[in-house]
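Down below is the structure, laid out as structure tokens.
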Amino acid sequence: MPRIVIAGGGIAGLEALVALREHLGADARIDLLEASTQLIERQHAVTEPFDAVGPRRVELTRIANDHDAHLRPDRLASVAAAERSVRMVRGETLAYDALLVAVGARPDIAVPGALTFAGPRDVVAYTRLLDDIDAGRVGRVAFALPTAVTWALPLYELALMTAEHVRATGKQDVGLVVVTPEHRPLDAFGERIASHIWSLMAERGIALHTDAVPLRSGPGGLVVEHGETVQVDRIVSLPRLGGPWIDGLPHDEQGFIPTDEHGAVLGAEAVWAAGDATAFPIKQGGLAAQQADAAAASIAAFLGADVAPVPFRPVLRGLLLDPRGPRFLDATRGDLPATPPWWPPTKVAAPRLGRYLAHVSRPDEGSAADQIDVGEVLLALAERHAARGERDVALRCFDAAEQVRGSLPEDAALRRAELAGARSAR
């Protein structure tokens, strides 16, 4: 039985774990290396300073057990690709037939003097900033996107949530500004979505300084490259990400791992990589999941499974946590649809892991509810399509809701039976 080692228990590593079990069944041993005890959905950390539900936490032991994997509470230290073995931080050596490296990247300060928001650990600092705004000690805040950061969505979410907080507290003299090197806000999603975001920011009273590179905090505010200082009291920024610098694996000048379109590490046989650890420039959970799916299919084929490798063809998707209602972003579309363009409609578009988490993380099992109740969304969509006479789509939504929830409410079950009977009568 071949042994697969997955180094990293984040979105990429766990998406690959689920995919590999789907491809290989029980015909492989899988070891998961991760020092953390929980999967923390850090993408929701931006809501926590605003008294919203924070990041959901799921025990890694459960995820590993559900997918017949051996969880090793350790981290990857080095790789001996020629011998097909890895050494872990605690000194243990482990042989493999296939290795997937999904260890993530290393956050660092990008704008000196700014409050760097990198996730749950920075919630307390941001809460203090909100307290200072409420007390009148801070009257103007800049949200500064470093030029090295390619995934800007969390910064815009913080700006929108802060604007809503200011509005709710009745403050009239607080100014918020986003300073970004982008030509348009959220430029990665294309011109049409950027136009929508620009209008959204203007509607909330958030100023935008585009084509501006933030450098550091200085006298009077935020120093920008080749421009006048932006007059603010405080600065919020995102971290710059550096590569993991794994000993024994090739890397670029920043420590990121180069891969081909199937996730195979260039120059290292039987080694694949996915997620933020790779040299792919946009660091985002949904893209990490797409990389993981491509790598898992390639690994399964490498080990002899009847699986056709599918190359990584990135589709940029994201969920903007607007306090007035979530907005789905898809680079292949030009609007901000209320209907989610992927399933389940979670913050990170990780199809296999998302379906699994939607099934296991129900509130009645004691875990924190996700920002979006997938089952309720599906039931609402089913009713919407039924009202429009779109029976087939409505039935698919009811079926999906049953799969996510485990069972349908009585009224929904009756409605589905009614629609199924009407379809049969045709």
Side-chain angles (χ1 to χ4, degrees), residues 11 14-15 18-19 21-23 25 41 44 53 56 58 63 66-67 193 285-286 289-290 292-293 296-297 307-308 310 313 315-322 324-365 367-426:
I11 295 295
L14 296 178
E15 175 77 8
V18 180
R21 272 294 170 237
E22 290 183 8
H23 293 320
E41 294 188 323
H44 286 292
V53 177
R56 179 175 54 175
V58 184
I63 300 175
D66 285 349
H67 295 91
I193 286 182
Q290 294 172 39
D293 286 332
V307 176
V310 178
R313 296 287 183 262
V315 176
L316 191 59
R317 292 169 173 157
L319 175 58
L320 177 67
L321 295 177
D322 181 350
R324 300 187 190 178
R327 299 172 183 269
F328 295 92
L329 310 177
D330 188 323
T332 63
R333 304 174 54 147
D335 57 353
L336 303 179
T339 302
W342 64 85
W343 296 102
T346 48
K347 176 65 168 160
V348 175
R352 291 177 170 86
L353 180 61
R355 286 194 297 270
Y356 167 77
L357 292 177
H359 177 69
V360 303
S361 299
R362 299 176 189 150
D364 61 358
E365 293 181 351
S367 59
D370 197 0
Q371 296 294 319
I372 297 176
D373 187 325
V374 179
E376 290 300 320
V377 169
L378 287 164
L379 290 174
L381 286 173
E383 290 295 347
R384 185 184 307 170
H385 288 296
R388 294 174 180 170
E390 299 166 345
R391 294 188 185 92
D392 290 343
V393 179
L395 285 169
R396 288 201 297 271
C397 289
F398 276 126
D399 291 343
E402 183 179 39
Q403 181 181 9
V404 167
R405 296 169 56 96
S407 62
L408 291 177
E410 184 178 357
D411 58 341
L414 291 172
R415 181 67 165 141
R416 181 176 65 173
E418 176 188 336
L419 290 171
R423 183 174 65 176
S424 300
R426 287 186 299 170

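Counting heavy atoms from C-beta on, the side chains of F398 and L419 come closer than 4.5 Å. In this structure the side chain of L357 never reaches within 4.5 angstrom of the side chain of T346, judged on heavy atoms. Side chains of P351 and E15 form a contact here, defined as non-hydrogen atoms less than 4.5 Å apart. With contacts defined as side-chain heavy-atom distances shorter than 4.5 Å, the pair V310/D293 does not qualify.
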Please report the C-alpha distance between K347 and E41 in whole Å, then the side-chain angles of each, then the deciding distance to 0.1 Å, and finally whether the salt bridge (charged side-chain N to carboxylate O under 4.0 Å, His left out) criterion is met.
CA-CA 9 Å; K347 176 65 168 160; E41 294 188 323; over 6 Å; no
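Heavy atoms only, all atoms of each residue included: H67 and R21 are closest at O-NE, 2.7 Å. Of all heavy-atom pairs spanning A289 and I11, the tightest one is CB-CG2, 4.3 Å. In this structure, V348 and G285 approach most closely via the heavy-atom pair CG1-C, 3.4 Å.
In this structure, the side-chain hydrogen bond (donor to acceptor under 3.5 Å, both in side chains) partners of D322, at least two apart in sequence or on a different chain, are R204, R327. When the ring-ring contact (aromatic ring centres under 6.0 Å, His included) test is applied to H23, no partner is found at least two apart in sequence or on another chain.
How far CD1 of I193 is from CG of D330: 7.0 Å, rounded to the nearest 0.5 Å.
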